[in-house]
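In what follows, a single structure is set out as structure tokens and then discussed.
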Amino acid sequence: MDIDLYKECGRIANQVPEGMVTTYGAIARALGDIRARRAVGVIMNTYDGKRTPMPCHRVVYHDGSLGGFAYGLDAKVKRLKPEGVSVKDGRIAGFEKINFSDFKTPSPKPLEKAREEQLRLAGKVSTSDVRPLPNLTLGLDVSYSGIRAYGVGILFDIGNNEPVKTIRTKAEVRFPYVPTYLGFREMPIFRKIIAKVEEPVVLMLDGNGTIHPFGLGIASHIGVELGMPSLGVAKSLLCGETESEPTRKGAAEPVRLDGKTIGHALRTSERAKPVYVSAGHRISQDSAVTIVGKVSRLKVPEPVRLAHIEATKFRKESA
DNA sequence: GCGACAG
DNA sequence: ATCTTGTCGC
Ligand SMILES: [Mg+2]
């Protein structure tokens, strides 16, 4: 089942009693990963008080300073005062004494469970080519406005180097961006798009496949989950390192992590920085690089570039 | 103290 | 990812 991080966040935040406060990082830890601290801030800023009520005014920075508040910091102070929490010089008075972090949490915590799932699926990743490798690729991307998401798939003919069909879908996304958990955020909407495609395709994701600290970037995640060939193209590096940057168009440099090659930096355009290509599932690293090279004119390969443009259009015309 | 992590 | 005006260069 898809993870509702707003709901999980509410379960934690509602344990903070009147007269006490907590921090974005403490809630993130209770969710199962400190990496989610900024996502907690995003949730506090965007949640629907009717659907998932929680005392966002009791959440502050790690150093006792106030953090943010959608209605202005004065309003945050004003809500804390009747609860017996006062603010002096922009800091919570007696912060250490009233900093609540003793949360009751399920075991495993939500993000720990997500990570376990990730590791389990990572064990199923195959980086060998399926035969035959489809001659069609489906470029996928999504544009956001809060929890509203606008996804687009561009069905693209690799041999003829041209788009064949465009697929659009809307969805509500209740899992904010958390580094290394991108698959959990975007899988649901992409699954809806992919369900509308009949032909065999190689999925092309805006993000990584095996370039991931736990071996399961979004491309691998979706590939394994749906049993489809997939690859990832990222505009910047999530983890690992390259010895040098490829100079010539078409040149590639390995991305290595713990002594293993997990992907390649590929120069797709003379003037732009390289993109980072990695196999997702049921495809070899070589084929992933070859396909991306074939369908690239500018920095970002056409299927993903068009999906990105169309997703942004889709969001703007839906507003 | 510095560096820092897809979208 | 989104928020935004101009500017530089091909
Ligand atoms: Mg994207």
Side-chain angles (χ1 to χ4, degrees), chain A residues 3 5 24-25 28 33-43 45-46 62-63 68 70 111 114-115 118 122 139-153 170-190 193 203-223 230-242 249 255 257 262-266 269-280 288 292 297-301 304-305 307-319:
Chain A
I3 301 169
L5 218 56
Y24 300 96
D33 196 327
I34 184 65
R35 288 178 178 87
R37 58 203 181 281
R38 298 185 77 156
V40 170
V42 167
I43 289 171
N45 185 242
T46 59
H62 185 67
D63 64 356
L111 291 178
R115 188 69 84 205
Q118 232 172 30
L140 293 164
D141 199 15
V142 52
S143 180
Y144 296 92
S145 174
I147 64 171
R148 299 294 305 162
Y150 304 84
V152 170
K170 293 182 200 183
E172 202 175 78
V173 174
R174 301 178 58 80
F175 192 113
Y177 172 69
V178 181
T180 74
Y181 295 88
L182 182 59
F184 293 94
R185 171 168 167 79
E186 300 192 337
M187 162 108 59
I189 191 165
F190 288 152
I193 292 171
L203 304 175
M204 189 178 292
L205 276 294
D206 181 22
N208 297 301
T210 52
I211 298 180
H212 186 278
F214 300 93
L216 199 85
I218 185 168
S220 301
H221 197 157
I222 294 180
S230 64
L231 65 86
V233 186
K235 296 176 285 294
S236 65
L237 198 53
L238 170 63
C239 65
E241 46 192 32
T242 54
K249 180 170 178 177
V255 173
L257 181 66
I262 56 175
H264 285 86
L266 174 68
S269 148
E270 297 286 357
R271 42 181 292 184
K273 307 277 259 177
V275 292
Y276 299 89
V277 180
S278 55
V292 171
R297 185 164 64 86
L298 305 174
K299 173 175 175 174
V300 177
V304 167
R305 195 179 73 85
H308 187 269
I309 291 169
E310 290 304 313
T312 304
K313 266 196 219 165
F314 187 23
R315 168 174 60 84
K316 292 192 168 173
E317 76 196 18
S318 297

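Remember, it's a predicted structure, so these values are computed and weren't measured experimentally. In what follows, chains carry the letters A, B, and so on, assigned in the order in which the sequence lines appear, proteins first and then strands, with residues in each chain numbered from 1.
Closest heavy-atom contact between Pro274(A) and Lys299(A): O-CE, 3.9 Å. Between Gly25(A) and Arg37(A), the closest heavy-atom pair is CA-CB, 4.0 Å.
Residues Ile218(A) and Ser230(A) form no side-chain contact, since every pair of their non-hydrogen atoms from C-beta on lies 4.5 Å or further apart. Thr210(A) is listed as a side-chain neighbour of Ser220(A), based on a closest heavy-atom distance under 4.5 Å.
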Problem - Derivation of the side chain to side chain donor-acceptor pair (under 3.5 Å) call for Tyr150(A) and Glu317(A) - result: CA-CA 11 Å; Tyr150(A) 304 84; Glu317(A) 76 196 18; over 6 Å; no

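With rounding to whole Å, Tyr150(A) atom OH is found 16 Å from dA1(C) atom P. One interatomic measurement links the two molecules: OH of Tyr177(A) to P of dA1(C), which rounds to 10 Å at whole-angstrom precision. Here dC5(B) presents its P atom at 8 Å from CG of Leu238(A), a figure rounded to the nearest Å. The CG atom of Leu182(A) sits 10 Å away from the C1' atom of dA1(C) (whole-angstrom rounding). In this structure, the CD1 atom of Ile222(A) is 17 Å from the P atom of dA6(B), given to the nearest Å. One can place CG of Asp141(A) at 8 Å from C1' of dG7(B), the figure rounded to the nearest angstrom. Remark: P of dG7(B) and CD1 of Ile211(A) are 11 Å apart, rounded to the nearest angstrom. Distance, Met204(A) CE to dG7(B) C1': 17 Å, rounded to whole Å.
When heavy atoms are screened at a 4.0 angstrom cut-off, Ser143(A) is found touching the sugar-phosphate backbone but no base atom. Across all strands, Tyr144(A) comes closer than 4.0 Å only to sugar-phosphate atoms, never to a base (heavy-atom distances). His308(A) comes within 4.0 angstrom of sugar-phosphate atoms only, judged by non-hydrogen atoms across all strands, and of no base. Here Leu205(A) lies out of heavy-atom contact (under 4.0 Å) with every strand. If you check every strand for non-hydrogen atoms under 4.0 Å, Arg315(A) touches sugar and phosphate atoms only. Within the 4.0 angstrom heavy-atom criterion, base atoms lie near Tyr181(A).
Residue Thr180(A) places none of its side-chain N or O atoms closer than 4.0 Å to OP1 or OP2 of dA6(B). When the side-chain nitrogen and oxygen atoms of Tyr276(A) are compared with OP1 and OP2 of dA6(B), none of them lie within a distance under 4.0 Å. Applying the 4.0 Å criterion to OP1 and OP2 of dA1(C), one finds that Arg148(A) has every side-chain N and O outside that range. A close approach under 4.0 Å does occur between a side-chain nitrogen or oxygen of Lys235(A) and OP1 or OP2 of dG7(B). For the OP1/OP2 pair of dT2(C) and a distance below 4.0 Å, the side-chain nitrogens and oxygens of Lys316(A) include no atom meeting the criterion.
The side chain of Asp206(A) lies closest to dA1(C) when the candidates are dA6(B), dT2(C), dA1(C).
Mapping Thr312(A) and Arg271(A) onto DNA chain C via the closest heavy atom, the residue that lands nearer the 5' end is Thr312(A).
Counting only distance, with no hydrogens or angles, the side chain of Ser278(A) and the backbone of Gly209(A) share a donor-acceptor pair below 3.5 Å.
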